[in-house]
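Keep in mind that the numbers below use all heavy atoms, side chains included, and drop hydrogens, waters and symmetry copies. A note on names: the letters A, B, ... follow the listed sequences, proteins ahead of strands, and every chain is numbered from 1. Every value quoted in this text rests on a predicted model; they were computed, and no experiment measured them.
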Protein chains: 2
Amino acid sequence: MVRRRSGGGRVTQADVARLAGVSQTVVSMVLNGTGITQHRVGDDTRRRVLDAIERTGYVANPIAQRLAGGNSALVGVYTYEPVFPSSAGDFYQPFLEGVEREAQQRGVDLVLFTSMSAHHGGPLVDGGALHRLRVADGCVLLGRHSHAQDLVALASQDFPYAFVGRRAAPGVTVPFAGADYDEATAVVTRQLLELGHRRIGMVSVTPPHESIEDRVRGYRRAMRAAGQLPVTFEDPDLTSGEFFGTLAEHGMTAVLTVSDLAHDVYSAALARGLRVPEDLSIARLGDPEQREPSVVDWAGFTIPRIEMGAEALRIVLRQLSASDPHGDEPDQDLQAFIPCETFTGSTIAAPPTATTRSTTKETSHT
Amino acid sequence: MVRRRSGGGRVTQADVARLAGVSQTVVSMVLNGTGITQHRVGDDTRRRVLDAIERTGYVANPIAQRLAGGNSALVGVYTYEPVFPSSAGDFYQPFLEGVEREAQQRGVDLVLFTSMSAHHGGPLVDGGALHRLRVADGCVLLGRHSHAQDLVALASQDFPYAFVGRRAAPGVTVPFAGADYDEATAVVTRQLLELGHRRIGMVSVTPPHESIEDRVRGYRRAMRAAGQLPVTFEDPDLTSGEFFGTLAEHGMTAVLTVSDLAHDVYSAALARGLRVPEDLSIARLGDPEQREPSVVDWAGFTIPRIEMGAEALRIVLRQLSASDPHGDEPDQDLQAFIPCETFTGSTIAAPPTATTRSTTKETSHT
DNA sequence: CTGAAAGCGCTTACAG
DNA sequence: CTGAAAGCGCTTACAG
């Protein structure tokens, strides 16, 4: 390897150009795919340049590339909380696994915006944080929370980004890679309906979040399609007898529950002397972070976290390549819904009355 | 907020300067601590500049800063394997937690070099990978492996870096934040000696690694100081009776074991009908990744992973600030040994013979 | 097909 | 105390 400069100095395009006997511009053209196409550097010249690159061990300076208007192959990752403490890490880990896998495949490096995580869940727009994102070519954002102000600020920036998980704000199109909670919840609801359940409740939480809204919508859609009345319980008090009392009053034989409350609903049901699924079917709408495997064999669906992360990065990269041939970006490519996998676990079964009745009927026929 | 440019265009120093009625240089000086000291911008001018910055919401472009020779507040993190798959993640997580915590405190962002992790444990020098590190101001490196070629290549680069875990290669001073395995192992060895053990073995693994060497050195030091002969077993075959046979032959009543083999040694001992610690004391030299809590109450020490990560980042940052006032960097600041915490668990006790003998003696005296 | 030139947004000598 | 200028290493029109 011929090193043009000693010490820490890197080899530059100028060095390569000198060695190849061409101008620095040509070196840049040989390196950039678009330039090649447009300017068609001669085969002979290209060979000389390539050879010089080989001999010098030249590697482009991403910083300079970026400043000059090109891409640095640096994609940001903004998390609303620190990533690595295992507490929060358990939440971020699978998403980031997807982002990382995709980043590696696409040959980009990731910038973790740790410096501004001080907010700890607060909105990103506070401070000059938003500007800092531009160190990278684009940015993947993730967190449990959803700050409308960030969505609006980001949308007015002309900077490629994508959320992991659906985000929405009035008047703006927010790019995201979300899970198809709507459809998954509908599928699970239909499963219960097919098992014979008619009155099916849904346990939800406040404050409202896009991911919760999606589940509620899917639930309502499936219930209405079956001619049943959807009934949602928000943040029910599971310790008092009220919740299960209401369930009984309405003759509900099954409940869907958001994942955060699944365990509590299950335990509370057992504590009330209810057998699951004999007396009450419970389906879990999403799996929690996979640290300690649940002893319960849940029916419901899982969240495609890894794929969500990977797709979010792809959406950012897509915007990057789309902005080259300055056309109007098709919005539909900016939003992706990844399907969830549904499971028929052992927490759901045919409703007690239906079973009794059908059994009775069949018996009488025999 | 007065935005000089609309759309995605950022506010630049030139914009601020125009608004403040000064030159762009002055804006830069006001912003840079060193410039202020040297050039002493007038109080009145500074106020006008600061005011303009406030009004425009100006935030420095780190890319330009870096290209111009300044620092970008971007520190790289190179891991020899992908970070986020939970398999490898369990190894990296605590170290990175420390790096992240420190990064947040110091206001720097982290660049994860995912693009070149394709090597999967292989040396970093392959390909132009090493050059790519320069996107950041400096870099923290971590991984299970130790590649001498990387150490040499890095050392000749004049680029700030630090390893998590001690690294050494002939002829070069490698900056690192390591655990003081040497001293910790010596302490544990002394504990056993004080309990009455004389013949103490050490179980180790190949290939040699700095962290293993340190433990062996500490063990040997403590043994020699006590006038005992150190005996190490490398990759012993625990399934055949050989290992425990040799232990018995030499009259060994205690063994130290590197953490990776701790569980195997323990199980194998039990399988041989040995009681721990009654028949054999076993001390573990370091705790494995903390995922599933061990049922065994191990004696030995823990690895200060979080602190190691934090210190590694500090070492990088120290080199950064040291390179400003171009003096010779004192090497001693580049290498840190973090103390380990030792535990007296229930896997060690006084040796069987010693107990018997002392009991006998005392009884005879009564 | 190839080169000279401008410019990205900064920092840092170097002059006033 | 302040400004004009060069330069960091690239990309990308713009001329030949």
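Listed nucleotides: C/dT2, D/dC8, D/dT12. Nearest to the side chain of B/Ala68: D/dC8. Checking C/dG3, C/dG9, D/dG3 against every side-chain atom of B/Thr12, the shortest atom distance belongs to C/dG9.
B/Ser23 has a side-chain polar atom (N or O) that falls below the 4.0 Å cut-off from OP1 or OP2 of D/dG3. Between A/Thr25 and the phosphate of D/dT12, there is no side-chain N or O to OP1/OP2 separation shorter than 4.0 Å. The shortest distance between the side-chain N/O atoms of B/Ser28 and the OP1/OP2 oxygens of C/dT11 is below 4.0 Å. Contact check, A/Gln13 against D/dT11: a side-chain N or O comes under 4.0 Å of OP1 or OP2.
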- Give DNA chain D the dot-bracket treatment, 5' to 3': Watson-Crick (N1-N3 with N6-O4 or O6-N4) or G-U (N1-O2, O6-N3) under 3.5 Å, [ ] crossing, | other strand. |||.||||||||.|||
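In this structure, the side chain to side chain contact (heavy atoms under 4.5 Å, CB included) partners of A/Gln24, at least two apart in sequence or on a different chain, are A/Gln13, A/Ala17. With sequence neighbours excluded, no residue satisfies ring-ring contact (aromatic ring centres under 6.0 Å, His included) with A/Tyr161. With sequence neighbours excluded, no residue forms a side-chain hydrogen bond (donor to acceptor under 3.5 Å, both in side chains) with A/Thr45. Not counting sequence neighbours, the partners of A/Phe95 by the ring-ring contact (aromatic ring centres under 6.0 Å, His included) test are A/Phe91. For the side-chain hydrogen bond (donor to acceptor under 3.5 Å, both in side chains) test, no residue two or more places apart in sequence or in another chain qualifies with A/Asn61.
The separation between B/Gln24 atom CD and C/dG7 atom P is 15 Å, rounded to whole Å. To the nearest angstrom, C1' of D/dT2 lies 13 Å from CG of B/Asp44. Taking atom CE on B/Met29 and atom P on D/dA4, their separation rounds to 14 Å, with Å as the unit. Atom C1' of nucleotide D/dT12 and atom CZ of A/Arg66 are separated by 16 Å, given to the nearest angstrom. Atom CG of A/Asp137 and atom C1' of D/dC10 are 14 Å apart (whole Å). C/dC10 atom P lies 9 Å from atom CG of B/Leu31, rounded to whole Å. When the C1' atom of D/dG7 is taken as reference, atom CG of A/Leu67 falls 12 Å away, rounded to whole Å. What separates CG of A/Asp43 from P of C/dC1 is a distance of 9 Å, to the nearest Å.
At a threshold of 4.0 angstrom between heavy atoms, the contacts of B/Gln65 are confined to the sugar-phosphate backbone, with no base atom among them.
The residue among B/Gly21 and B/Ala64 whose nearest nucleotide of DNA chain D is located toward the 5' end is B/Gly21.
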- Message: As a quick check of understanding, evaluate side chain to side chain donor-acceptor pair (under 3.5 Å) for A/Asp109 and B/Tyr78, giving each step before the final call.
- Response: CA-CA 10 Å; A/Asp109 292 317; B/Tyr78 180 80; over 6 Å; no
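Note on ring orientation: taking the six-membered ring where Trp is involved, the planes of A/Phe163 and A/Tyr80 are parallel (angle under 30°, cut-offs 30° and 60°).
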